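See below for the structure under consideration.
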Amino acid sequence: MSDTTTAGAVYADLRGRSVSVTGAARGLGLSMARAFAAGGCHVQLIDIDGEELDGVRARLAAAHPEQTIEASAASVTDPAAIGDALGGFQERTGSLDVMVNNAGISANAPSLDLDIELWKRSVDINLTGVFVCAQAAGRIMTAQGRGVVLNTSSMYGVVAAPARAAYCASKAAVASLTKVLAVEWASAGVRVNALAPGYVETDLVASLAAAGRLDLTALRSRTPLSRLGSPGDIANLALFLASDVSANITGQVMVSDGGWSADGFGITATAVTGQ
Ligand SMILES: NC(=O)c1ccc[n+]([C@@H]2O[C@H](COP(=O)([O-])OP(=O)(O)OC[C@H]3O[C@@H](n4cnc5c(N)ncnc54)[C@H](O)[C@@H]3O)[C@@H](O)[C@H]2O)c1
């Protein structure tokens, strides 16, 4: 994924807003951070990989010299560090308008062999990490009387797949958590929605394909729209859900998967042609 990936949509109301993105050093988090910066937002990048984060921050700050672009090396599972990071960002920019809880890990192993430590780590980062960051942001946003929280679930939080027990269960729990927070904080002016990407062509997916561990042709063939998602697709969804354009949407899990999860056949389109 090149450094020039940006989403196409820009919403005027986002200009000047303060947006914090977790897991922002690479992949979808980086793509969303770039899209918010391109839309005129102040952006806080949070990631456990401080070294990669510094380079990302420097490039983004150079491209957007008029905006606050800052980085915080922290784990989403650390309530004190996340509370400090978000509180500091709010103080420096005047508000915290959008919290994107994107950091997550995948864990593929047959359930009979799944190491309990990998299960715990997946739940800790994918679910508890989302709660920790949502809670810290929610405290600021409910006091402000406005804000948007976006949690990253997955197509695999909506439909199942073998050998992904920890991943699917943690992402389905994020979908449920999203609904709870949405109904709890609606009266305080805070909207909470989840992004549920299908397979997205990130650097990681491209490298797995290059190593022969993922068959992109078969994935495209299995997908009704015959394409994988792009990081820009997910960034555009985040911009839409962050903007006042979606003011009446809360508690939803928005799937962007080219129709994968709608297709009950579950086999490649070419295999059923003519039936
Ligand atoms: N890429 C896809 O096809 C896809 C599909 C569906 C859902 N998702 C979800 O989207 C999110 C981003 O995926 P991606 O493909 O960009 O992943 P990625 O591995 O490319 O990036 C994840 C980032 O999160 C950071 N991170 C990991 N643990 C952390 C922690 N404890 N605290 C702070 N940061 C941490 C990593 O350092 C990394 O920079 C994940 O939640 C993933 O489950 C991705």
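Note that ligands are numbered from 1 as they come in the structure, with each ligand's atoms numbered from 1 the same way. We're numbering straight along the sequence, starting at 1. Source: prediction; values computed, not measured.
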Which of these, [options], has its nearest heavy atom closest to [atom]?
| atom | options | result |
| --- | --- | --- |
| atom 29 (C) of ligand 1 | V255, V174, L45, I48 | I48 |
| atom 5 (C) of ligand 1 | A74, A25, G198, G50 | G198 |
| atom 30 (C) of ligand 1 | L204, V130, V76 | V76 |

Item to check | Nearest protein heavy atom under 4.0 Å from atom 3 (O) of ligand 1, yes or no | outcome: yes
Checklist entry - Does the protein place any heavy atom closer than 4.0 Å to atom 17 (O) of ligand 1? => result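 So atom 17 (O) of ligand 1 lacks protein heavy-atom neighbours under 4.0 Å.
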For ligand 1, which atoms have a heavy atom of [X] less than 4.0 angstrom away?
| X | answer |
| --- | --- |
| S153 | 7 (C) |
| S154 | 6 (C), 7 (C) |
| N102 | 10 (O), 11 (C), 12 (C), 40 (C), 41 (O) |
| Y167 | 6 (C), 7 (C), 8 (N), 9 (C), 42 (C), 43 (O) |
| G23 | 23 (C), 24 (O), 25 (C) |
| L28 | 10 (O), 16 (O), 44 (C) |
| G27 | 16 (O), 20 (O) |
| T152 | 9 (C), 10 (O), 11 (C), 41 (O) |

Would you mind checking which non-hydrogen protein atom is closest to [atom], with the distance to 0.1 Å?
| atom | value |
| --- | --- |
| atom 38 (C) of ligand 1 | R26 NH1, 3.3 Å |
| atom 31 (N) of ligand 1 | S75 OG, 3.1 Å |
| atom 36 (C) of ligand 1 | D47 OD1, 3.5 Å |
| atom 22 (C) of ligand 1 | G104 O, 4.0 Å |
| atom 6 (C) of ligand 1 | P197 O, 3.1 Å |

For ligand 1, is [X] a contact, meaning one of its heavy atoms is under 4.0 Å away?
| X | value |
| --- | --- |
| A24 | no |
| T22 | no |
| E52 | no |
| G129 | no |

Is there a donor-acceptor pair under 3.5 Å between the side chain of [X] and the backbone N or O of [Y]?
| X | Y | answer |
| --- | --- | --- |
| D13 | D244 | yes |
| D49 | E52 | yes |
| S243 | V245 | yes |

Checklist entry - With under 30° as parallel and over 60° as perpendicular, where do the rings of F240 and Y11 fit, or are they tilted in between? => result tilted
Item to check | E184/K179 ion pair, N-O < 4.0 Å | outcome: no
Item to check | Salt-bridge criterion met for D215 and R222 (N-O under 4.0 Å) | outcome: no
From [X] atom [atom1] to [Y] atom [atom2], the distance as rounded to the nearest 0.5 Å:
| X | Y | atom1 | atom2 | answer |
| --- | --- | --- | --- | --- |
| R34 | I69 | CZ | CD1 | 12.0 Å |
| Q135 | N101 | CD | CG | 11.5 Å |
| H42 | S20 | NE2 | OG | 13.5 Å |

Item to check | Side chains of I234 and P231 in contact at under 4.5 Å (non-hydrogen atoms) | outcome: no
Next on the checklist: Between S261 and D257, do the side chains contain a donor N or O and an acceptor N or O under 3.5 Å apart?
Outcome noted: yes
Checklist entry - Side chains of S18 and R92: is there a donor and an acceptor less than 3.5 Å apart? => result no
Checklist entry - What do the steps show when you test D233 against R227 for salt bridge (Lys or Arg N to Asp or Glu O under 4.0 Å), and what is the final call? => result CA-CA 12 Å; D233 288 330; R227 70 195 280 277; 3.1 Å; yes
Item to check | Mode of M155 contact toward ligand 1 - side chain, backbone, both, neither (heavy atoms, under 4.0 Å) | outcome: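 Neither; no heavy atom under 4.0 Å.
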Item to check | The single option from T22, V148, V21, I82 passing side chain to side chain contact (heavy atoms under 4.5 Å, CB included) against M99 | outcome: T22
